[in-house]
Structures are given as structure tokens and as C-alpha cells.
Amino acid sequence: MLDPFGRHITYLRVSVTDRCDFRCTYCMSEDMTFLPKADLLSLEELDRLCSAFIRKGVRKLRLTGGEPLVRRNVMGLFKALGRHLETGALDELTVTTNGSQLARFAAELKSSGVKRINVSLDTLDPAKFKDITRWGRIESVFEGIDEALRVGLRVKINAVALRTINEDEIESLMLWAHGKGMDFTLIETMPMGDIDGDRTEQYLPLSIVRARLAGKFTLEDSDYQTGGPARYVRVAQTGGRLGFITPLTHNFCESCNRVRLTCTGTLYMCLGQDDAADLRTALRASPHDHQLEAAIDEAMTRKPRGHDFVIDRRQTAPAVARHMSMTGG
Ligand code: SAM
Ligand code: SF4
């Protein structure tokens with residue numbers, strides 16, 4: 001699949017549910033209205049959609065959410081999609097999770113063919129964890145991470161850099177992750193969906209964080225790539241990898257290879273734009289996939305050049321109205 005700007009689209013992210021067992025302050029408001037369950041595609045329909053994308057050239061699939069591991073029977077979907085790894089049609093099947101259910105599911109993920117996972121964790125402090133996630137228990141995340149490592153999954157820790165909230169902990173998070181042999185990636189907060197607080201207060205540019213870390217550690221340039229938006233350095237003192245996802249301070253759209261599917265079958269060609277394609281109608285119109293494949297082709301012609309994220313005090317409304325949990329991070 002080629003978009004109008006010559007970019008090959010080889011990576012599909014699928015939000016399998018918009019629901020979550022946490023309410024992270026930068027992601028959701030406390031009182032969220034979720035989609036009625038009847039609007040959700042079944043797991044079989046999600047499989048059919050993902051398989052159509054794989055036939056059209058997607059090589060990497062990430063299941064995300066909301067919290068993907070709270071969707072009932074989601075392991076059935078991982079197992080089913082694992083067949084594309086066995087045939088060689090797919091290079092990688094992976095997941096982004098908050099870790100709360102990982103202790104239960106790590107072994108099954110591994111046996112479905114998942115090799116690497118991303119776990120989101122913004123602090124090591126139990127009280128701060130409660131403040132950030134509102135509903136989460138950090139102990140279950142630690143147990144989940146340990147189980148994932150025990151069964152042989154490679155784990156990357158993702159943390160959103162939040163001014164005054166985890167700003168003072170970034171170095172200790174990195175040292176902790178590297179100490180356990182995990183990569184560590186920092187993310188800038190993006191203006192998506194209404195939250196109860198003010199994003200201007202939370203926004204911490206990673207250019208500042210990077211400069212601070214560079215004052216204490218030797219950050220060696222690295223051309224390591226995972227097919228995602230992160231840019232990596234190697235930290236000489238720890239031997240670990242440190243990634244930066246900087247949608248605000250450095251726009252990475254020129255190398256974008258991704259599209260995103262929601263659990264209702266809406267395809268967003270860009271995380272930061274509202275234009276979307278309805279694939280559910282094409283999916284349900286026929287048991288054959290011709291119409292679906294035509295709808296995917298048409299959507300690719302509409303992939304925009306990039307997003308227009310800005311966070312500053314003059315712009316109070318989020319750049320896009322939907323929450324990250326709908327399109328999947
Ligand atoms: N629930 C899973 C999790 O937390 O890993 C998967 C979905 S979550 C939406 C995916 C990633 O997006 C997480 O790393 C989360 O921290 C990040 N995220 C959520 N809202 C964000 C925002 N407004 N700006 C930047 N990152 C955000
Ligand atoms: Fe849930 Fe992930 Fe959003 Fe936190 S970041 S509320 S864990 S979807």
C-alpha cells in the first residue's frame with residue numbers, strides 16, 4: 001500500500017476496545033462514556049479486517065486500546081492472528097498494555113507468537129502511580145512485567161513525560177528499565193480528547209529531558225528502528241536503549257508507515273487528524289473481501305501528510321476530539 005506522499009504503509013495498529021481498567025489523567029477523564037458493546041466488531045470480524053490488511057502488505061500488527069487485555073477472549077484473537085506469523089505473511093505481532101493483566105496472559109502471548117511487548121509505566125512510586133492512573137495498582141504491573149520477562153518476552157517500557165509529575169523520576173525509571181534489560185521510551189503528551197486537567201500544565205518537551213539526561217549520561221546516536229515513531233540512542237553507562245517519541249517538538253510524519261483501526265471498524269489514516277474511513281460497512285456488506293479491499297485502497301489515497309499537534313496556552317481545545325484510547329497509542 002502506497003499513500004499519496006510515497007510512503008509505504010506496512011504497520012497497522014488496532015484498538016480492540018476503547019475500555020480500560022485505568023483512568024490515566026493525561027489519557028481520559030474520570031467519568032468516560034464508552035461505546036455500547038453492540039457497536040464493537042466481533043473478534044472474528046477484527047481478524048478478518050487484520051487479515052485483509054496483511055494481504056495488502058501490512059507486515060507489523062500491534063493490538064492496543066483502551067486496554068487490549070481487558071477485552072473478553074482477546075487471547076483468541078492473538079492466537080488466530082499468530083497463523084500469519086507462521087506463514088511468514090506477518091513479521092511481527094505485538095501489543096501495548098498497561099500491564100495490569102499481564103501476569104495472567106504473558107505465557108499465552110508468548111505461545112501466540114508475540115516476541116516483544118510495550119508496557120506503559122510512568123512512575124515507580126505506588127502513590128504517584130495511583131495519582132496518575134486513578135484506579136491502578138502498581139504491584140499488578142510489576143508482577144506482569146516480571147512474568148513477561150520470565151516467559152521470555154522482550155519488554156519495552158513507555159512513559160509519558162509529565163511536567164512536575166514524573167519529571168524528577170525519568171532518570172530512575174530509565175535506570176530501573178535498563179537494569180532489567182528493558183528498552184525505555186519517553187513520549188510527549190499529545191492533545192487528544194478532553195481530560196479533566198489542563199494539558200499545558202502537563203506538557204514537558206522531550207528536548208528539555210534529553211538535554212538534562214545528556215548532562216549526566218553519554219547518549220550515543222543509534223540507527224536502531226522498530227518500525228515505530230521512536231528515535232533511539234544508546235546510553236553508554238547502562239548499555240540500554242533510550243527512545244524518544246516527539247510528536248510536538250519534532251514531527252516524525254515524513255516517515256509514517258502506519259494506519260489505525262478502531263474496535264468499530266473505523267480506519268484513521270493519521271492519529272492527529274479527524275478524517276476516517278468506515279470499513280465496517282464494507283466488511284459486513286459481503287462475506288467476500290473485494291469491497292473491503294477496495295475501501296482500504298480508497299482510504300490510502302486520503303492519508304494526510306501529517307498531524308497539526310500544538311500545545312500552548314492560546315489553544316485550549318484538543319487538536320482532535322477523540323481520546324487516544326479510541327485510536328490506540
Ligand atoms: N492501555 C494501554 C497502555 O496504556 O499501554 C494501551 C493504550 S494507551 C492509549 C497507549 C499509550 O498511549 C500509552 O503508553 C499511554 O501512556 C499513551 N497515551 C495515552 N494518552 C496519551 C496522550 N494524550 N499523549 C501521549 N501519550 C498518550
Ligand atoms: Fe488506559 Fe492506557 Fe489510557 Fe491509561 S493510557 S487510561 S492505561 S488506555
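Whatever order the structure lists ligands and atoms in, that order sets their numbers, starting from 1. Computed over heavy atoms, backbone and side chain alike; hydrogens, waters and symmetry mates excluded. What you see is a predicted model; the values in this text were computed from it and never measured.
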Please determine if Gly66 has a nitrogen or oxygen closer than 3.5 Å to a nitrogen or oxygen of ligand 1.
yes
Under 3.5 Å, N or O to N or O, is Met190 touching ligand 1 that way?
yes
Polar atom proximity, Thr97 to ligand 1 (N or O, under 3.5 Å)
yes
Gly65 neighbourhood, listing ligand 1 atoms whose heavy-atom distance to it stays under 4.0 Å:
7 (C), 9 (C)
Atoms in ligand 1 with a heavy atom of Val160 nearer than 4.0 Å
16 (O), 26 (N)
Hey, which protein N/O/S atoms does atom 1 (Fe) of ligand 2 have under 2.8 Å?
Cys20 SG
For Phe22 together with Phe129, are the ring centres under 6.0 Å from each other?
yes
Would you say the side-chain atoms of Glu188 pair up with the backbone N or O of Leu206, donor to acceptor, closer than 3.5 Å?
yes
Is there a donor-acceptor contact under 3.5 Å linking the side chains of Arg62 and Tyr11?
yes
Min N/O separation Thr64 to ligand 1 under 3.5 Å:
no
Examine Ser120 against ligand 1 and note whether any of their N/O atoms are separated by less than 3.5 Å.
yes
Indicate, as side chain, backbone, both or neither, the part of His323 found under 4.0 angstrom from ligand 1 when only non-hydrogen atoms are considered.
neither
The criterion is side chain to side chain donor-acceptor pair (under 3.5 Å); which residues satisfy it with Glu293, sequence neighbours excluded?
Arg55
What is the distance from atom CD1 of Ile9 to atom SG of Cys256, rounded to the nearest 0.5 Å?
6.0 Å
When you look for heavy atoms under 4.0 Å from ligand 1, do you find them on the side chain of Phe22, its backbone, both, or neither?
neither
Considering only NZ, NE, NH1 and NH2 on the basic side and carboxylate oxygens on the acidic side, decide whether Arg305 and Glu254 come within less than 4.0 Å.
no
Closer than 4.0 Å to some heavy atom of Cys27 - which atoms of ligand 1 meet that?
19 (C), 20 (N)
If you measure from each heavy atom of Pro191 to ligand 1, is any distance below 4.0 Å?
no
Checking one residue: Met32. Which other hydrophobic residues are in its cluster under the side-chain 4.5 Å linking rule?
Met28, Phe34
Joint hydrophobic cluster, Leu149 plus Leu102, side-chain heavy atoms closer than 4.5 Å:
yes
Applying salt bridge (charged side-chain N to carboxylate O under 4.0 Å, His left out), run through Arg83 and Asp47 and close with a yes or a no.
CA-CA 11 Å; Arg83 72 186 183 280; Asp47 182 343; 3.0 Å; yes
Any nitrogen or oxygen of Asp122, side chain or backbone, less than 3.5 Å from one on ligand 1?
no
If the contact criterion is a heavy-atom separation under 4.0 Å, does Arg199 count as touching ligand 1?
yes
Output every pair passing salt bridge (Lys or Arg N to Asp or Glu O under 4.0 Å) with a member in residues 167-178, not counting sequence neighbours, ordered by first then second residue.
Lys128-Asp168, Lys128-Glu169, Glu167-Arg212, Glu171-Lys216
Measure from NZ or CZ of Arg241 to the centre of the six-membered ring of Phe184 and say whether it is under 6.0 Å with the direction within 45° of the ring axis.
no
Backbone N/O of Asn98 and side chain of Glu67: donor-acceptor pair under 3.5 Å
yes
